[in-house]
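Presented below is the structure to which this report refers.
Chain naming here is simple, since letters A, B, ... match the order of the sequence lines and numbering starts at 1 in each. Excluded from the calculations below are hydrogen atoms, water molecules and symmetry mates; all remaining heavy atoms, backbone and side chain alike, are included.
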There are 2 protein chains.
Amino acid sequence: MLKTYSIKEVAQKFDLSISTIRYYDKRGLLPFVAKNKSGYRVFTETDLNLIKTVVCLKNTGMAIKNIQKYIQLVMQGPDSIEQRKQLLELHKQQVIQKQKLLSENLQEINFKINKYNSKNAKEVIKTELAYVLAEKKELKL
Amino acid sequence: MLKTYSIKEVAQKFDLSISTIRYYDKRGLLPFVAKNKSGYRVFTETDLNLIKTVVCLKNTGMAIKNIQKYIQLVMQGPDSIEQRKQLLELHKQQVIQKQKLLSENLQEINFKINKYNSKNAKEVIKTELAYVLAEKKELKL
DNA sequence: ATAAACCCTAAACTATGGTTTAGTGCAAAC
DNA sequence: GTTTGCACTAAACCATAGTTTAGGGTTTAT
């Protein structure tokens, strides 16, 4: 028999809260999830694959309404492949941009940490502080 | 004479809106910014350095209340160096985690794109769809 | 057959990070 | 000297992404 999953199991698998899953469903991110006769959501193995994609897009910062668009394309079947590809390509570029920004800023953080780690950190910072105060004084601020 | 900057100039320099700068000031991120006799904010060259740090922390996902804590430590002078270092180290680890997650998810997006790019994409997706439907049918969903 | 553990919806609520508006003052160009 | 542009505050408003609550069924173990 094919294994199915309850909402609780899915929540644990993806480290989401149950309410988040219900919220995603309400927002149209999980239109493929069926319900049993009592109205309970029943998740199949392949449902989990698509949820993985949803979570992947969410983790890379895609807005819910755009994830919803992508899922809508998936539900339309094979004819939407070109559009899906475009959507993912665009998102990919945004993720790459995000990576770049993150790396640059991480470098700056490292620079600061190194400064704080240097032997004469206290002296340097005292000097800087004195300069800032002198600057404000000169400008009568 | 030392150059100073208006809020508009600073906004342009950092690609923030004027309201965002005022909002950051209100949230305690810019306690070092002086005001002239008319109540206008006057930004000095060294103010810009600290704002750069604020923006850097913001861009790497630090919450405003934590940026505020860091700035507060900076304002306390050289004795807070150890605490600042700890705060930045912790944040650094979080940024590295974020980078890792982003890379992993980008790989998945690339995987999807490659699938859509493959010559037999349409066939593959039709087959998958058929499987999903069969699965739901078997489970009477 | 009943308690405990699950599931459901709808709707209100929350947190975060801003943006917009209203009313007012200052500065500089014409 | 007045119009135009820029500045200020306070407070209301907004978008996004959930979380919580209230009220009510279902399933499972005892």
Side-chain angles (χ1 to χ4, degrees), chain A residues 1 3-31 33-44 47 51 54-71 91 94 98 101 105 139-141, chain B residues 3-44 47 51 54-71 91 94 98 101 105 139-141:
Chain A
M1 198 48 178
K3 164 102 174 105
T4 60
Y5 301 83
S6 70
I7 194 168
K8 194 187 185 188
E9 288 173 305
V10 174
Q12 283 164 352
K13 244 181 214 304
F14 290 100
D15 197 24
L16 300 172
S17 77
I18 289 178
S19 347
T20 300
I21 294 179
R22 291 206 266 247
Y23 171 70
Y24 285 175
D25 196 4
K26 187 156 60 171
R27 294 296 308 273
L29 270 47
L30 316 175
V33 174
K35 291 187 180 175
N36 68 16
K37 62 187 178 334
S38 318
Y40 288 21
R41 289 173 187 83
V42 177
F43 299 82
T44 65
D47 287 345
I51 293 177
V54 165
V55 169
C56 169
L57 296 176
K58 187 207 78 169
N59 283 341
T60 49
M62 188 183 280
I64 281 188
K65 58 170 177 268
N66 290 326
I67 302 177
Q68 194 267 333
K69 267 180 210 162
Y70 175 74
I71 291 295
H91 183 57
Q94 291 166 351
K98 198 170 287 204
L101 186 67
N105 285 299
L139 291 161
K140 285 157 184 141
L141 294 174
Chain B
K3 164 103 176 107
T4 61
Y5 301 83
S6 70
I7 195 169
K8 194 186 185 187
E9 288 172 307
V10 174
Q12 283 164 352
K13 243 179 215 302
F14 290 100
D15 197 26
L16 298 172
S17 77
I18 290 176
S19 348
T20 299
I21 295 178
R22 290 205 266 247
Y23 171 70
Y24 286 175
D25 196 3
K26 189 156 60 171
R27 294 295 308 272
L29 269 47
L30 316 174
F32 46 86
V33 175
K35 291 186 180 175
N36 68 17
K37 62 188 177 336
S38 319
Y40 288 21
R41 288 173 188 85
V42 178
F43 298 81
T44 65
D47 287 345
I51 293 177
V54 165
V55 169
C56 168
L57 296 176
K58 188 206 77 167
N59 283 340
T60 49
M62 188 183 280
I64 283 188
K65 59 170 177 268
N66 290 326
I67 301 178
Q68 194 267 334
K69 266 181 211 161
Y70 175 74
I71 292 296
H91 183 56
Q94 290 166 352
K98 197 171 288 205
L101 185 66
N105 284 300
L139 292 161
K140 286 159 183 137
L141 293 174

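Of all non-hydrogen atoms in B:Val33 and B:Asp47, the two that sit nearest each other are CA-OD2, 4.2 Å. Nearest heavy atom pair, residue B:Ile71 against residue B:Gly28, reads CG2-O, 4.1 Å.
In this structure, CD1 of A:Ile7 is placed 9 Å from C1' of C:dC8, rounded to the nearest angstrom. Atom P of nucleotide C:dC8 and atom NZ of A:Lys8 are separated by 13 Å, given to the nearest angstrom. Between the P atom of C:dA5 and the CD atom of A:Glu9 lies a distance of 17 Å, rounded to the nearest Å. In this structure, NZ of B:Lys37 is placed 13 Å from P of D:dC8, rounded to the nearest angstrom. What separates CE of A:Met62 from P of D:dA17 is a distance of 12 Å, to the nearest Å. If you measure from atom CG of B:Asn36 to atom C1' of D:dC8, you get 11 Å, rounded to the nearest angstrom. Distance OH (B:Tyr40) to P (D:dA7): 8 Å, rounded to an integer number of Å.
Side chain of B:Thr60 to backbone of B:Cys56: a donor-acceptor contact under 3.5 angstrom is found. With hydrogens and angles disregarded, a donor-acceptor distance shorter than 3.5 Å links the side chain of A:Asn105 to the backbone of A:Leu101. A:Gln12 places no side-chain N or O within 3.5 Å of a backbone atom of A:Glu9 that could act as its donor or acceptor partner.
Nearest nucleotide to the side chain of B:Lys65, out of C:dT16, D:dA7, D:dA17: C:dT16. Nearest nucleotide to the A:Arg41 side chain, out of D:dT27, C:dC8, C:dA27: C:dC8. Residue B:Ile64 places its side chain closer to C:dG18 than to any other of D:dA17, C:dG18, D:dC8.
Annotation: cation-pi geometry satisfied between A:Lys3 and A:Tyr5 (NZ/CZ under 6.0 angstrom from ring centroid, within 45° of ring axis).
Proximity of residues 15-35 of chain B to DNA chain D (heavy atom under 4.0 angstrom from any strand atom) is restricted to B:Ile18, B:Arg22, B:Lys35.
For B:Gly39 and A:Gly61, each mapped to the nucleotide of DNA chain D holding its nearest heavy atom, the one lying further toward the 5' end belongs to B:Gly39.
Axis angle, first five pairs versus last five pairs of the helix from C:dA1-D:dT30 to C:dC30-D:dG1: 0°, rounded to 10°.
Considering only side-chain N and O atoms, B:Ser38 lies nowhere under 4.0 angstrom from the phosphate OP1 or OP2 of D:dC8.
Under the side chain to side chain contact (heavy atoms under 4.5 Å, CB included) rule, A:Leu29 has a single partner from A:Ile51, A:Ile67, A:Val55, which is A:Ile67.
Annotation: the span from A:Thr4 atom OG1 to A:Phe43 atom CZ amounts to 10.5 Å, rounded to 0.5 Å. Rounded to the nearest 0.5 angstrom, A:Arg22 CZ and A:Ser17 OG are separated by 9.0 Å.
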